[in-house]
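Data first, discussion second: the structure below is written as structure tokens.
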Amino acid sequence: MPVDTQTQIPAFPFDRADDLTPPREYELLRGNSPAARITLYNGAEAWLLTRYEDVKATLSDHRFSADARNPGFPFVSAALRASVGQKHIPFLRLDPPEHDRLRRMLSREFIVKRIDGLRPAIESIVDRFIEQLLAAGEPADLIANFALPIPSAVIAELLGVPYSDHEYFQERGRRMLSSEFTLEESARAVVELREYLGELADRKREDPGDDVLSRLVLERESSGELHREDLKSSALLLLIAGHETTANMIGLGVYTLLRHPDQHALLRADPELIGKVVEELLRFLSIVHTGVPRVALEDVRIGDTLIRRGEGVIASVTAANWDGSTFAEPQRFDIRREPNRHLAFGFGIHQCLGQPLARKELEIALTRLFDRIPTLRLTGDQTFGPEKSVYGLHSLRVTW
Amino acid sequence: MYIDADPGLCIGSGQCARLLPRHFAQDEDSGTVVVVDAEVNSADPAVRARLVEVRDSCPVAAIEFATTGERNGK
């Protein structure tokens, strides 16, 4: 594994073993030490957790803070550092009670039943982009024509952001999340998106719609519960967290199914299996490959290792989801896996707020794509994006 | 056996409502857990396994089981 030349400590994040296999280092480290020293992009050191039980326990332990303002917080990339910002912190990077207060203002928007009610809207968005894919002609790029625009259109509709602005927010979202860009470039993207959302919030006050942003402005900001800067932070989190992750899962999901024809055949024979397919894709792909960062607020022992107060910890959900002591034959993509208690959405109080929406989008996108284009196949031309904080495909050429 | 869920801990992730809608729902204003039917009569091992899955999938450990219904809704 690549190591820091001065300290000989492994440099994180590691490279994936191949397109669909997490880094081999995880297996090695899981067997050797529950908590391993790693160096981050800026030379800082942190602990890496690779075992399922340790990752799960740490993410639900209040002694580990998600607040990036705490000294010792481990930043895995300049982009993460920029997206956290200095002044305005999204609730993803806050601890209770402030986290709980801000998150609960949004919980009701993502109730499972409410998301089920969005099915017709999501179906019509998915169908629109299937037609766009077909119209693009063979071979077509499934990422640009299908995987990327669907989550953007869905979150835009839910949040109340005009989809016609999607190039503006997608481009800046990429700058926020990719390590190709400098700290300054990522930070500028954050400032621009915050301004954009602030102006949009003003327009919602004048002319509200049936959307999350309008409700936040009219119900929460007006009552004084939610300050404008926090409103912008929450809106930005919803706008950005929802589209890159789901887009990558749709693209990689199609790729994974086409690469596993036996499993794909099971799904075709029994479309009811789609729910389990989505869960196994979430586990198998575990796209948050830079892990979940935390900092210890007091001394905590994990196995034989003492994590000291102020030390950073990266809980690798990818490593956890491939831990053979929890998932038999983790390297097998097995859509009938039962139970499948993966940690792809994290665990603890910060577990993904949008997960019912992500699941619904994946179910509908995969089902309708293969229903409409049953002969869909790969042309052998795809480019992967390991440099992003969330693993994905830049392009995926398909034919039919 | 009775389901004992704590809405004070709940962050509304909806795992319980997704996995076992016969017993769990979410409050429409707060998104937090609502026990629709606290009593579990079934001796069916599949139902029991699903209940354990629900308990272990709750990200904030807000769900437990009790032998009597008195503690429910604490």
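Lettering follows sequence order; numbering is per chain, from 1.
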>> Please classify the contact of A:Arg114 with chain B as side chain, backbone, both or neither, using a heavy-atom distance under 4.5 Å.
In response: neither
>> Once ring pair (Phe, Tyr, Trp, His ring centres under 6.0 Å) is applied, do any residues pair with A:Phe347, and if so which ones, sequence neighbours excluded?
In response: none
>> Only heavy atoms, only distances under 4.5 angstrom. Which residues in residues 20-28 of chain B are near chain A?
In response: B:Gln26, B:Asp27, B:Glu28
> Taking 4.0 angstrom as the limit, do A:Lys204 and A:Asp211 come out as a salt bridge?
Replying inline: yes
> Which bit of A:Glu338 comes within less than 4.5 Å of chain B, counting heavy atoms only: side chain, backbone, both or neither?
Replying inline: side chain
> Looking at side-chain heavy atoms only, is the closest gap between A:His350 and B:Pro59 below 4.5 Å?
Replying inline: no
> Where do A:Lys276 and A:Glu279 land on the salt bridge (Lys or Arg N to Asp or Glu O under 4.0 Å) test, with the steps shown first?
Replying inline: CA-CA 5 Å; A:Lys276 294 183 70 64; A:Glu279 297 311 310; over 6 Å; no
>> Distance to the ring centre below 6.0 angstrom and angle to the axis at most 45 degrees; does that hold for B:Arg55 and B:Phe65?
In response: no
> What orientation do A:Phe333 and A:Phe284 show, parallel under 30°, tilted 30 to 60°, or perpendicular over 60°?
Replying inline: tilted
> What part of A:Leu353 is in contact with chain B, defined as an atom under 4.5 angstrom from a non-hydrogen atom: side chain, backbone, both or neither?
Replying inline: neither
>> Taking side-chain hydrogen bond (donor to acceptor under 3.5 Å, both in side chains) as the definition, give me every residue that meets it alongside A:Ser60, ordered by chain and number, with sequence neighbours left out.
In response: none
> Heavy atoms, side chains only, cut-off 4.5 Å: are A:Glu329 and A:Asp334 in contact?
Replying inline: no
> Do the charged groups of A:Lys56 and A:Glu53 touch, with an N to O distance under 4.0 Å?
Replying inline: no
>> Quiz question: by atom type and distance under 3.5 Å, do the side chains of A:Asp67 and A:Ser65 form a donor-acceptor pair?
In response: no
> Residue by residue, which of residues 95-108 of chain A have a heavy atom closer than 4.5 Å to a heavy atom belonging to chain B?
Replying inline: A:Arg103, A:Arg104, A:Ser107, A:Arg108
> At a heavy-atom separation under 4.5 Å, does B:Ser30 approach chain A through its side chain, its backbone, both, or neither?
Replying inline: backbone
>> If we check side-chain contact (heavy atoms from CB on, under 4.5 Å) with A:Ile274, which of these qualifies: A:Ile335, A:Leu362, A:Thr367?
In response: A:Thr367
